[in-house]
Amino acid sequence: MAISYSLPLLFLLLPFICLLCCYRSTEARHEPRDCSISELISEDLYKSIFLHKDDNACPAKGFYPYDAFIAATKCFPKFASTGCLDTRKRELAAFLAQISHETTGGWATAPDGPYAWGLCFKEEVNPSSNYCDSTDTKWPCYQNKSYKGRGPIQLSWNYNYGPAGLALGFDGLREPELVANRSDLAFKTALWFWMTARGEKPSCHDVMVGQFIPSATDLANNRTAGFGLVTNIINGGLECGIPDDPRANNRIGYYKRYARIFNVDVGPNLDCANQKSY
C-alpha cells in the first residue's frame, strides 16, 4: 500500500529519489525556495484535515500517509512555495480541497460533516468506460488497460497517463494501475497535474499564485483567476457553466473549510458557474 522504504532510509535517499523520478519534469528543474510544505501543514494537522481517510469504511485506508505527501512535494519545489505566506497557504488549501472532492467518501449527514472525508478512495469505482481516447495517437492505449481515475486527483484518460508517466519515470500507458498501488506515485501524479499547463489550459498552480494571464478568449468566456478556474481546469466540461452545480459546490465547501484552517481568505471567483469550459 504505502512506501516500502523504512523511514530512516527514505529520508536519506529522498533527494536522490526525487532527482531520479522527476528529472524529466520541467517543474523539478527550478531551484526550490528555502521553505518546506511541512512548515505549512504538520502531520497532526494533516491527520485532522483528513479525519476519516483511514477508517475501515474508506477503500483507500492507509494509502495516503503524510510522509508520502511530503516526499512527493519535494519533487515539485515551487508548489506552495511561490509568493507570500498567504499565497502559499491559499494554494495549499485549494490543492487539498480539489483532491478531497475527487476522493471524497462524505455525504451530507456524515460524521464530522461532509468535508471531513477527503482521501477516502484511491481509484474510481464502477467507471463508465476505460477512458481511452483512441484518436490520440501520441499516447496510444494498450489492450486490457483502463485509464480510469486513480490517485488523489483521480488522474484519467490515456492522454494524461502518458505524459504523467514520461515526467515521473513510469510507463503510464502500460502500467496505469501503479498510480493506485504506490502512495508516493499517486501524490506525484496529482502534483504533476496541478503544476502542468496543457494546451490552452493554464496550470492550477499559476492560477492560484497570480501568474495566470487570461487571453482574449479567456476573458470572452469569463475565465478569470480564482478557485473556480481551477475547477474549470480539472473538470470544467462537466461542472462549469452550470448554476449551483453540486459537484462544484462540494469543491468550494472543502476549500472554505481548509482556508479557515490555514487562516487565509479564499480569494475571488470561487465558482465557475458563469465560465465556459475549455
Side-chain angles (χ1 to χ4, degrees), residues 11 14-15 17-19 21-22 25-50 53 64-103 115 118-119 151-153 155 164 167-168 183-197 201-212 225-231 233-234 251-252 254-270:
F11 290 127
L14 187 56
I17 293 171
C18 284
L19 284 174
C21 72
C22 296
S25 172
T26 301
E27 176 60 28
R29 289 198 290 269
H30 292 277
E31 290 297 321
R33 281 180 48 177
D34 185 19
C35 57
S36 170
I37 300 300
S38 59
E39 295 175 359
L40 299 180
I41 181 168
S42 66
E43 184 168 10
D44 286 343
L45 180 56
Y46 179 85
K47 289 179 178 178
S48 70
I49 285 175
F50 298 111
K53 71 180 180 65
Y64 293 116
Y66 175 77
D67 291 335
F69 171 60
I70 296 300
T73 64
K74 293 183 184 299
C75 288
F76 296 87
K78 290 177 71 177
F79 172 71
S81 69
T82 302
C84 68
L85 182 59
D86 278 359
T87 299
R88 294 174 60 202
K89 288 179 177 180
R90 196 174 296 110
E91 180 182 12
L92 181 57
F95 174 79
L96 296 178
Q98 293 289 352
I99 66 172
S100 293
H101 169 79
E102 292 292 334
T103 59
Y115 306 125
L119 297 185
I153 205 77
L155 190 74
L168 299 172
S183 302
D184 61 331
L185 185 60
F187 276 118
K188 287 170 188 172
T189 60
L191 287 163
W192 169 85
F193 188 94
W194 185 266
M195 302 299 297
T196 305
K201 292 184 180 182
S203 71
C204 301
H205 168 77
D206 283 352
V207 170
M208 292 307 303
V209 302
Q211 294 179 352
F212 163 65
F227 185 77
L229 184 58
V230 172
T231 297
I233 292 167
I234 294 173
R251 297 177 194 270
I252 294 170
Y254 272 113
Y255 182 44
K256 287 181 174 179
R257 178 189 176 220
Y258 298 158
R260 286 194 298 270
I261 289 173
F262 290 118
N263 192 29
V264 67
D265 67 273
V266 295
N269 303 320
L270 282 180

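Residues take their numbers from the sequence shown, with the count starting at 1.
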Shortest non-hydrogen pair, Leu92 vs Phe262, comes out as CD2-CZ, 3.7 Å
State which residues pass salt bridge (Lys or Arg N to Asp or Glu O under 4.0 Å) with Lys47; sequence neighbours excluded, sorted by chain then number. Glu43
Between Asn269 (side chain only) and Ala225 (backbone N and O only), is there a donor and an acceptor less than 3.5 Å apart? yes
I need the Leu45 CG to Ser38 OG distance, nearest 0.5 Å. 11.5 Å
Distance check, rounded to the nearest 0.5 Å: Ser203 atom OG versus Met208 atom CE? 11.0 Å
Please test Phe193 against Ile234 for side-chain contact (heavy atoms from CB on, under 4.5 Å), starting from the C-alpha separation and ending with a verdict. CA-CA 9 Å; Phe193 188 94; Ile234 294 173; 3.9 Å; yes
Shortest non-hydrogen contact from Ala259 to Ala93? N-CB, 4.1 Å
Under the side-chain hydrogen bond (donor to acceptor under 3.5 Å, both in side chains) test, residues paired with Asp265 that sit two or more places apart: Arg90
Is there side-chain contact between Tyr46 and Leu119, with at least one heavy-atom pair below 4.5 Å? yes
Can you find a heavy atom in the side chain of Trp194 that is under 4.5 Å from one in the side chain of Val230? yes
What is the minimum heavy-atom distance between Ile153 and Thr189, and which atoms define it? CG2-O, 4.4 Å
Treating Glu102 as the side-chain partner and Pro152 as the backbone partner, does any N or O pair qualify as donor plus acceptor under 3.5 Å? no
Whether Arg257 side chain and Ala97 backbone form a donor-acceptor pair below 3.5 Å: no
Once you round to the nearest 0.5 Å, how far does CZ of Arg251 lie from NE2 of His101? 3.5 Å
Output the distance between atom CZ (Phe227) and atom CG (Leu229), rounded to the nearest 0.5 Å. 11.0 Å
I need the Leu191 CG to Thr196 OG1 distance, nearest 0.5 Å. 9.5 Å
Where the side chain of Lys201 meets the backbone of Ile233, is there a donor-acceptor pair that is under 3.5 Å apart? yes
Aromatic ring pairing Tyr258/Phe50, orientation class (parallel under 30°, perpendicular over 60°, tilted between): perpendicular
Tell me the closest heavy-atom pair linking His205 and Lys78, and the distance in Å. CE1-O, 3.3 Å
Between Tyr64 and Thr103, does any side-chain donor sit less than 3.5 Å from a side-chain acceptor? no
All heavy atoms of Phe69 vs all of Leu96, minimum pair found to be CZ-CD2, 4.4 Å
Heavy-atom closest contact (Gly151 atom, Ala186 atom, distance): CA-CB, 4.1 Å
Look up atom CG in Leu40 and atom OG in Ser81, then write down how far apart they are to the nearest 0.5 Å. 9.0 Å
